[in-house]
Structures are given as structure tokens and as C-alpha cells.
Student: 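So that we are looking at the same thing, I have put the structure below in C-alpha cells.
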Amino acid sequence: MLAPVLADPRSQNGPAPAVSFIVCTRNRVTVLEPCIKSIQAACRRHAAFAAELVVVDNGSTDRTAEWLASIADMSDVPFTTVCEPRRGLAAARNAGLERARGRVLVFVDDDCEIDSDYLSDLQRHYAAGERVIRGGRVELGDARDLPFTIKRARVRQRLTPDVPPGGFVLGCNMTMHRDVAARIGHFDERFGAGGPLRSAEDTDYLVRAVLLGIPVEYVPDMTVFHHHGRRDRKAIEKLHRDYSLGNGGLCLKHVRRAPWLLRHFYWAARGAFRELANGPRFDRELRLSHWPIVVMNVLGAAKFAILWAARRPEAPQVRLGQQANAEAR
């Protein structure tokens, strides 16, 4: 018998919470601690909105497991630790989905801290019970970090085929009603950090939502502060290439049902050739070129084709018995 995508809220003792915070981590206990504390502080500030914390330890070899064990019993927010040894952010997100009980699911990266008013914003946006994927504002947590993997748009936006899906909603601050997650299913484990395609597990989820007619929305509040720690160009350029690799695989995966994704590859290629004639770069502030996007998109598509030919599944089938490996605190 296969495990459901989401846990039955009735399957654990006590009433189901209104919101589940899902935090996936691997060997980053120094940034995980302020992340968890920020969530706990926000929950205390808005205590009427019942919440839980689901922290997925994705095979850490540092002191993450010991630290989580030491704080779980003392947490004033219901706290569940899940051990997921299969490496990869998508695998960790799936493990969190399977244990989450909340009506609204909130994915927060372990190097982020949430704003103290985050739950007030979340409750306001979900008051009508709308079935959407909704992402919030992402600010730099440290002014010394380079301005990348952030989103500061000041107006509410809906994702359409005219808008590149990559970065529209960032996976470090992504929320959805549990019914949406149940419709879309697991994250594709070929994508994401630690997976073959290195990134875009969140973007793939957005595209799959759009194909099901589920709205994808950005709101300029529900703020998190991203402490990504990248302060040199080499780190940013590597991430830029990794994002482009995943987006290339994404484009090939959905080319039949979402051919509009090809439009964004065309725009990147056009921008790359314009650079040869002193045209604008992809990112003027960081001096990032269009050319890595084009090259890595092609490589990502080729890699996805190889994975598809090898019949590598989107997500391994998780049996109910495997949930016994999770440690609830």
C-alpha cells in the first residue's frame, strides 16, 4: 500500500493545526537555529493561529540531529523531526509533505528567518480558503550578501505564460492549501539541490499547478529574510548555472503541455546574441550573462532526456512502513 501525499490530519493525536511550517535541512545547524527560533517567535506572536513545525533532516552528518533532539521537547510549538536519508531537497520536501497536518503548508528554507508578522499576513491571505500556490517577499537577511535569490516586487502578481516561472515564487517562501498539494502530488526528485538537475523542483511545482488550472500568486508581504551567505561572484555564478540547468530540464519535461516555456528560452538566446553587440546583460548589477542560461538550458534538457530514457521516476514510491523511520518529537 502506498503512502498518501499528505498525512491524514486525523491520524495523530490532537486537532489538526491551521498551518504547518516545513523546514528541510542538511548540515546547516548554524543557520537552522535562528530559522526555527524565528518561526517559534512568530507563532507566539499570533498564538490564536495554531501551527506546527515539521523539520526534515536530510541525512545531516554534523550536529543537526542532536540539536533538534535537544530542542524538540522544549518547543512551545508542536514539533516533529523527520529523518529522510535519501539525499535531495525534493526528497526532503516530500518527506515533509507526508508528515504535515496543517490546512496551509508553508515551505521555509533553513537559511531563512520569517518576519514576526508572517502569520498575520498568511491568515489574511488564506481567510477565503482559496486553493492557490502563494509566495511572499524574500529580502536579504544580511546586507553583506549579494542581492540574489531574493524577490522584492511591491505589487501582487499572478503567474501567466508571459512571465518566466523561475523565481516567480521562491521555494524558500512558498505556501499552499493542503488540497493543492494533494492535487499536484510529490515534488519531482530529479530536480532540486542534491538531485541530478540541481534546482527547479519549486518551479516544476508551479508549472504543474498552472497546468492543473491552479493559480500561482506572489504577494508583497509574508516576508522572509534570506541569509544565503554568498558574497563572491563565483558562488553566484555557480548558482546561476545550476538554476539554468534545472530550468532546461523543466522546459523539456513540459514541452508538450506547456510549449510557452520555449518562449523564455528564445528570449534568453536572443539576449545572449545581443550581448555580443554590447546589449544588456541578464543582470546588470551582478554582471550575469545570458550565455550561461542558454548553455545550461541545453545541458539540462539533455540531462533530463537521459534521465527519462533511463526511466528514472519523478519520485520513488514511499511505502507506509517507511514512515516508521521518522522520529516524532
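Computed from heavy atoms alone, side chains included, the values below leave out hydrogens, waters and symmetry copies.
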Student: Check for me whether the distance between the ring centres of His240 and Phe282 falls short of 6.0 Å.
Tutor: yes
Student: Between Asp162 and Arg263, is a side-chain contact (heavy atoms from CB on, under 4.5 Å) present by the stated rule, with each step listed?
Tutor: CA-CA 8 Å; Asp162 294 327; Arg263 183 187 313 165; 2.6 Å; yes
Student: With a 4.0 Å cut-off on N to O distance, would you call Arg190 and Asp188 a salt bridge?
Tutor: yes
Student: I'd like to know if Arg93 and Asp202 make a salt bridge, using a cut-off of under 4.0 Å between side-chain N and carboxylate O.
Tutor: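 Looking at Arg93 and Asp202, the cut-off is not met.
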Student: Tell me, please, which residues at least two apart from Asp115 pass side chain to side chain contact (heavy atoms under 4.5 Å, CB included).
Tutor: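 Expected list: Asp117, Thr223, Phe225.
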Student: Check this for me: Arg270, atom CZ, are more than 12 non-hydrogen atoms of other residues, nucleotides or ligands nearer than 6.0 Å?
Tutor: yes
Student: When you look at CZ of Arg44, are more than 12 heavy atoms from neighbouring residues, nucleotides or ligands closer to it than 6.0 Å?
Tutor: yes
Student: Taking atom types as modelled, find out whether Asp76 and Gln40 have a side-chain donor-acceptor pair closer than 3.5 angstrom.
Tutor: no
Student: Checking Arg134 against Tyr126: charged group under 6.0 Å from the ring centre and within 45 degrees of the axis?
Tutor: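 The answer is yes; both the distance and angle limits are met.
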Student: Considering residues at least two apart in sequence or located in another chain, which fulfil the ring pair (Phe, Tyr, Trp, His ring centres under 6.0 Å) criterion with Trp267?
Tutor: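 Expected list: His264.
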Student: When you measure from the centre of the six-membered ring of Phe191, is the NZ or CZ of Lys253 under 6.0 Å away and within 45° of the axis?
Tutor: no
Student: Would Asn173 and Tyr118 satisfy side-chain hydrogen bond (donor to acceptor under 3.5 Å, both in side chains), going step by step from the backbone distance to the final call?
Tutor: CA-CA 11 Å; Asn173 185 11; Tyr118 191 97; 2.6 Å; yes
Student: For Tyr243 and Thr149, what are the C-alpha separation, side-chain angles and deciding distance, and is it a side-chain contact (heavy atoms from CB on, under 4.5 Å)?
Tutor: CA-CA 10 Å; Tyr243 284 167; Thr149 61; 3.0 Å; yes
